[in-house]
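Along the sequence shown, residues carry numbers from 1. Only heavy atoms go into these numbers, but all of them, side chains included; no hydrogens, no water, no symmetry mates.
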Amino acid sequence: MSEVIVRGRDYRNNQPVEISASGGIIQHIRLLPADDSLPLIAPGLVDLQVNGYGGIDFNHFPFAEKASEQVARQLWSQGVTTFLPTVITNNDQEIEQMVRTLASACRELSLVKQCIAGIHLEGPFLSAEDGPRGAHNREYIKAPDWALFQRWQKAAEGRIRLITLSPEWPQCDDFIRRCCQQNVVVSIGHTAASVEQIASSVRAGAGMSTHLGNGAHLVLPRHPNYIWEQLAQDDLWCAMIADGEHLPLSVLKVFIRAKGERAMLVSDVTCHAGMPPGLYQSHIGGSVVLSSSGRLSMADNPALLAGSAQGLLYGVNFLIKNSIVSRACALEMASIRPATRLNLPVRFGLAVGAPFDAVMLQPAADESLVPLATYKNGVRVWCGE
C-alpha cells in the first residue's frame, strides 16, 4: 500500500503535526515541536452544489464523461476534494441524459468516482412563482412525481443523493418519506411554501435548506414567512452561499448564529467560474452577465442572480476576513459539516481511520487562506506554484 507523510499545523489549534497515511487512510497523527513555518493543514472541502466550472456546464447537454474529471481537477486547485455535480430544472429527457452521463463517468473514471459523492438534483419540483423560482425555467416546473424520480434514479444508477424541492405541492410529504427510505437527503429550496407546509415536510424527513435566503420573493411578510420557519426548524441544516453577493454579512451572521453547528457553506458555482467577465448564454436563465467583481446575474434583470462564479474556498475566506466565524469554524462549514449531513466517510476530518483528504493552506496578510496543495485519498493531486 502507498504511504504518504505530511507535516503541517492543525487548522484547529495551530499545533504542528505529522500525518501518515497508508492506502488512503490516516494511520497516525504525531505531535511536533512548534514551527510557524509550516502551512496549515485542513480537511478537504466538500461542495454539495456544483453546476459546473471553467466553461464546463453539467446542465448543458451533451457533455462528455471526461468533463466531470476536468471539473474535479479544477476544484482541486480550490481545495475541494469531494463534490456533488448539480443538475437543475430541465425537461424530463435532458435530466435523464445528464444524470446517466454523470453516473457513467463515476463508473468508468476512477478519479471521478473518488471525488463525486453523488448527484444533487435541484428541481424540477420547485415553486413556479416568480422570485422563489429564481432562474429555473418555469416551463419545466412540476409537482413531485415519484415514478419520474425513480426513472431518473435508475438512469443515475442510484447516485442521486440530494434533491432540492419545494414542499408547497400536494402529496409532497409522501414523496419526501419515500426519498428518505432510499437514503436521499431532501432539501427545501426555491419555495413559496407556507410555514405549515414547511413544518410538515420536516416531520416527513426533510433535513436541509438549499442556499437559504436566495431563491425567494424580493418582498416577504414580516412574519411568519418561509425563511423564518426554516431557521426555526432545528432539524434543518442550513446551506448558505457566502460569495458576498447572495447574502449580506448581517444575514450570514444571523443564519449562522441561529443554526449553530448545522450551518454550512455551498458554492452554487456555475460553469462561469474561472471565466473572464462578459455576457454569456446559459441554461440557467438564458443571457447572464459576469461582472469584473465576479457577480453573475440575469442580463435582463441584474437584481436576479444566476448562480455563483466564486468557489467554496472564496466563501470560507469571506467569512474569515469579515470576522463572522473563526478560521476553524469557516473551514468546517465547508468540509466536515456538509460531509456529516450526507454521512460521507470524510466527515471525520483529520482523524485516525478517516480518508486522508486534505488541503494545505498558507494564511495571507488579510487572513485569507491560499491553497498550496491538495490531497485526495492520500495522494497529492494538486500543487500550486
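A side-chain N or O of N14 and one of R327 form a donor-acceptor pair less than 3.5 Å apart. Using a 3.5 Å distance cut-off with no hydrogens or angles, the side chains of D10 and Q15 do not pair a donor with an acceptor. Looking at Q197 and Y226, their side chains never bring a donor and an acceptor atom within 3.5 Å of each other. Between the side chains of N51 and D268, a donor-acceptor pair is found at a separation under 3.5 Å. When only modelled atom types and interatomic distance are considered, S308 and Q310 share no side-chain donor-acceptor pair under 3.5 Å. Side chain to side chain, T86 and E122 fail the donor-acceptor criterion of an N or O pair below 3.5 Å. Residues Q233 and E229 have side chains that bring a donor and an acceptor to within less than 3.5 angstrom of each other.
Of the charged side-chain nitrogens involved, none lies within less than 4.0 Å of a carboxylate oxygen, so that R7 and D35 do not count as a salt-bridged pair. Look at D243 and R295 and you find no salt bridge, because none of the NZ, NE, NH1 or NH2 atoms lies under 4.0 Å from a carboxylate O.
Contact annotation: the side chain of N59 never approaches that of N90 to less than 4.5 Å [non-hydrogen atoms, C-beta and beyond]. Side-chain contact between R337 and C329 is present, with heavy atoms from C-beta onward closer than 4.5 Å.
Side-chain N or O atoms of T101 include one that pairs as donor or acceptor with a backbone N or O of Q97 at under 3.5 Å. Under the 3.5 Å distance criterion, the side-chain polar atoms of N317 are left unmatched by any main-chain donor or acceptor of S368. Of the possible donor and acceptor atoms, one in the side chain of R9 sits under 3.5 Å from a partner among the backbone N and O of L38.
Screening D47, V269, V80 for a side chain to side chain contact (heavy atoms under 4.5 Å, CB included) with Y53, the sole residue that qualifies is V269. With F125 as reference, F175 is the one residue of F149, W146, F175 to meet the ring-ring contact (aromatic ring centres under 6.0 Å, His included) rule. Exactly one of F356, W382, W76 qualifies for a ring-ring contact (aromatic ring centres under 6.0 Å, His included) with Y375. That residue is F356. Of the residues L165, V184, T89, I163, the one that meets the side chain to side chain contact (heavy atoms under 4.5 Å, CB included) test with L121 is I163.
Proximity of the aromatic rings of H190 and H136 is defined here by a centroid distance below 6.0 angstrom, and this criterion is met.
When hydrophobic clusters are built by joining Ile, Leu, Val, Met, Phe, Trp and Tyr residues whose side-chain heavy atoms come closer than 4.5 Å, directly or via intermediates, L48 is not grouped with V99. Note: the hydrophobic cluster containing I176 also contains L212 (ILVMFWY, side chain heavy atoms under 4.5 Å, direct or indirect links). Put simply, V46 and M264 are part of the same group of oily side chains (I, L, V, M, F, W, Y) that touch within less than 4.5 Å, one to the next.
Surrounding CD of Q171 are at most 12 heavy atoms belonging to other residues, nucleotides or ligands under 6.0 Å away.
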